[in-house]
Colleague: 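There's a structure below that I have some questions on.
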Amino acid sequence: MGFAEQRFNVNLSILFTELPLLERPAAAAAAGFTAVELWWPWVDSPTPEQSELDALKKAIEDAGVQLTGLNFYAGQLPGPDRGALSVPGEESERFRANIDVAAEFARSLGCTALNALYGNRVEGVDPAEQDALALENLVLAARAADRVGAILLIETLNKPESPRYPLVTAPAGIAVVDKVNEATGLGNAKFLMDLYHLSMNGEDLPQVISAYAEKTGHVQIADNPGRGAPGTGTLPLEDLLDQLRKAGYEGWVGLEYKAGDRPSADSFAWLPREARAAR
């Protein structure tokens, strides 16, 4: 099977970042891709001006690419934060203010996956209190996603790079997915399987795929070590994606790797141009 059988999109929050945000969709299109995804682009604002939302929507539409995934507000990302929804006080309120804004932006572009990063543990706050708040906010997010025909993604990160993030194993992420689905009855919460993060945690990737492919709503990849393009590290990404396909996963594979010290457009040599457009 191999890479040519996958449906790839480009994460414009980690690739093409040498360009202004509004130029990145066209750059992805020029590289041969027809689908993109984004972290929440306005790290300081869960509720940006409508003119900013409209400008990004126009840039995506003008480039002729499909937005297939969008993060809810997650604080300073990249940066010290790993989400907001489990952080009591202002950050939780900012997440809640963002829910309908992000969902409506997704709806306006036909985007059907919204990713909610859990948030770091806060010193001096009972983890159980954070988990209860997280479930409340994830239920709100799942309902908003359902209203616009989208799934809600729950992502596992890795402990070496995110030591205060509590979801650093696949089972921990799956447990939250199950709790949200039980609370809403909607069944639209899904696991975001990031093979780079899972490998950084030392998990058995074939076993994770075998156990959780059915509950997976999105996959992201980068090689390890280094979080570079496929082929720059030692992960058997082609084989792992083949296993996912054979397990029934037919969704998108997000390219969420670092291009290094070269232009992003030069980091796709591993993928033949004819395999970049989504089928």
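Residues take their numbers from the sequence shown, with the count starting at 1.
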Colleague: Under a 4.5 Å cut-off applied to non-hydrogen side-chain atoms, are Lys159 and Asn201 in contact?
Modeller: yes
Colleague: Val87 vs Ser92, test: side chain to side chain contact (heavy atoms under 4.5 Å, CB included). Steps then yes/no.
Modeller: CA-CA 6 Å; Val87 180; Ser92 172; 5.8 Å; no
Colleague: Side chains of Trp42 and Glu49: donor-acceptor distance under 3.5 Å anywhere?
Modeller: no
Colleague: For the residue pair Thr34 and Gln66, establish whether any side-chain heavy-atom pair is separated by less than 4.5 Å.
Modeller: no
Colleague: Side chains of Leu56 and Leu21, heavy atoms from C-beta outward: is any pair under 4.5 Å?
Modeller: yes
Colleague: Whether the side chain of Arg227 engages the backbone of His197 through a donor-acceptor N/O pair (distance < 3.5 Å, no angle test) should be reported.
Modeller: no
Colleague: Is there a donor-acceptor pair closer than 3.5 Å between any side-chain N or O of Asp126 and the backbone N or O of Ala128?
Modeller: yes
Colleague: Compare every heavy atom of Ala28 with every heavy atom of Phe16, then report the nearest pair and how far apart it is.
Modeller: CE1-CA, 3.8 Å
Colleague: To the nearest 0.5 angstrom, please state how far the CD atom of Gln6 sits from the CG atom of Leu241.
Modeller: 4.5 Å
Colleague: Any side-chain heavy atom of Phe3 within less than 4.5 Å of one from Trp270?
Modeller: yes
Colleague: Using every non-hydrogen atom in the two residues, find where Leu19 and Arg24 come nearest and quote the distance to one decimal.
Modeller: O-NE, 2.9 Å
Colleague: Considering residues, nucleotides and ligands other than Gln50, do more than 12 of their heavy atoms fall under 6.0 Å from its CD?
Modeller: yes
Colleague: Counting distance only, does the side-chain N/O of Gln243 pair as donor-acceptor with the main-chain N or O of Pro206 below 3.5 Å?
Modeller: yes
Colleague: Can you name the nearest heavy-atom pair linking Ala189 to Val180, along with the distance?
Modeller: CB-CG1, 3.9 Å
Colleague: Is there a donor-acceptor pair closer than 3.5 Å between any side-chain N or O of Asn11 and the backbone N or O of Gly254?
Modeller: no
Colleague: For atom CD of Glu214, is the number of surrounding heavy atoms from other residues, nucleotides or ligands below 6.0 Å larger than 12?
Modeller: no
Colleague: So, Glu18 and Ser264: side-chain donor and acceptor under 3.5 Å apart, yes or no?
Modeller: yes
Colleague: Do Gln130 and Arg121 have side chains that get closer than 4.5 Å, going by heavy atoms?
Modeller: yes
Colleague: Hey, are the side chains of Asn9 and Val253 touching, using non-hydrogen atoms and a 4.5 Å cut-off?
Modeller: no
Colleague: Donor-acceptor pair, Trp40 side chain versus Ser45 backbone, under 3.5 Å?
Modeller: yes
Colleague: Charged N to carboxylate O below 4.0 Å: is that the case for Lys179 and Asp131?
Modeller: no
Colleague: Check for a donor-acceptor pair, side chain of Ser86 on one end and backbone N or O of Tyr118 on the other, with a separation under 3.5 Å.
Modeller: yes
Colleague: Do Asn71 and Asn115 have side-chain N/O donor and acceptor atoms under 3.5 Å apart?
Modeller: yes
Colleague: Please evaluate residues Thr156 and Asp194 with respect to the criterion side chain to side chain contact (heavy atoms under 4.5 Å, CB included), reporting the C-alpha separation (whole Å), side-chain torsions for both, the decisive distance (0.1 Å), and the verdict.
Modeller: CA-CA 7 Å; Thr156 296; Asp194 186 309; over 6 Å; no
Colleague: Find out if a path of hydrophobic residues (ILVMFWY) with successive side-chain heavy-atom gaps under 4.5 Å connects Leu192 to Tyr249.
Modeller: no
Colleague: Does some side-chain heavy atom of Lys190 sit less than 4.5 Å from a side-chain heavy atom of Val177?
Modeller: no
Colleague: Quick one: closest heavy-atom pair of Thr47 and Val101, and the distance?
Modeller: CG2-CG2, 4.0 Å
Colleague: Starting from Ile209, can I reach Leu235 by hopping between I/L/V/M/F/W/Y residues whose side chains sit under 4.5 Å apart?
Modeller: yes
Colleague: Compute the ring centroids of Tyr257 and Tyr196, then answer whether they are less than 6.0 Å apart.
Modeller: no
Colleague: What is the distance from atom CD of Glu155 to atom OH of Tyr165, rounded to the nearest 0.5 Å?
Modeller: 6.0 Å
Colleague: Can you check whether Met193 reaches His218 side chain to side chain, under 4.5 Å on heavy atoms?
Modeller: no
Colleague: Nearest 0.5 Å please: distance from the CG atom of Asp223 over to the CG atom of Leu237.
Modeller: 5.0 Å
Colleague: With salt bridge (charged side-chain N to carboxylate O under 4.0 Å, His left out) as the criterion, how do Arg96 and Glu136 come out once you've worked through the C-alpha distance, each side chain's angles and the decisive distance to 0.1 Å?
Modeller: CA-CA 10 Å; Arg96 291 190 184 193; Glu136 287 180 22; 3.0 Å; yes
Colleague: Just by distance, do the side chain of Tyr73 and the backbone of Leu85 share a donor-acceptor pair under 3.5 Å?
Modeller: no
Colleague: Sub-3.5 Å donor-acceptor pair from the side chain of Asp81 to the main-chain atoms of Gln76, do we have one?
Modeller: yes
Colleague: I need the Leu114 CG to Leu70 CG distance, nearest 0.5 Å.
Modeller: 5.5 Å
Colleague: Rounded to the nearest 0.5 Å, what separates atom CZ in Arg143 from atom CD1 in Ile99?
Modeller: 11.0 Å
Colleague: Do Arg82 side-chain atoms and Leu157 backbone N/O form a donor-acceptor pair below 3.5 Å?
Modeller: no
Colleague: Quick test of your reading of the model: are Asp266 and Arg262 salt-bridged, counting only N-O distances below 4.0 Å?
Modeller: no
Colleague: Look only at the side chain of Ser13 and the backbone of Trp39, and say whether a donor-acceptor pair between them is shorter than 3.5 Å.
Modeller: yes
Colleague: Can you see which heavy atom on Gly69 is nearest to which on Cys111, and at what distance?
Modeller: N-SG, 3.5 Å
Colleague: Check this for me, if you would: do Arg7 and Glu250 make a salt bridge, where the nitrogen-to-carboxylate-oxygen distance has to be below 4.0 angstrom?
Modeller: no
Colleague: Kindly indicate, with the supporting measurements, whether the criterion side chain to side chain contact (heavy atoms under 4.5 Å, CB included) is fulfilled by Leu117 and Phe72.
Modeller: CA-CA 8 Å; Leu117 283 166; Phe72 287 107; over 6 Å; no
Colleague: If you group Ile, Leu, Val, Met, Phe, Trp and Tyr by side-chain heavy-atom gaps below 4.5 Å, do Leu15 and Val219 land in one group?
Modeller: yes
Colleague: Would you check, one step at a time, whether the test side chain to side chain contact (heavy atoms under 4.5 Å, CB included) holds for Leu167 with Ile154?
Modeller: CA-CA 9 Å; Leu167 308 185; Ile154 309 295; 3.9 Å; yes
Colleague: Under 4.5 Å between side-chain heavy atoms, hopping through other hydrophobics if needed: is there a path connecting Phe95 to Leu135?
Modeller: yes
Colleague: Using a strict cut-off of less than 4.0 Å between a Lys/Arg side-chain nitrogen and an Asp/Glu carboxylate oxygen, indicate whether Glu91 and Arg94 qualify as a salt bridge.
Modeller: yes
Colleague: Within this structure, what is the CZ-CG distance for the pair Phe33 and Leu271, rounded to the nearest 0.5 Å?
Modeller: 5.5 Å
Colleague: Specify the closest pair of heavy atoms between Ser108 and Glu61, including all atoms of both residues, with the distance to one decimal.
Modeller: O-OE2, 4.4 Å
Colleague: Report yes or no: do Leu153 and Ile174 belong to one cluster of Ile/Leu/Val/Met/Phe/Trp/Tyr joined by side chain heavy-atom distances under 4.5 Å?
Modeller: no
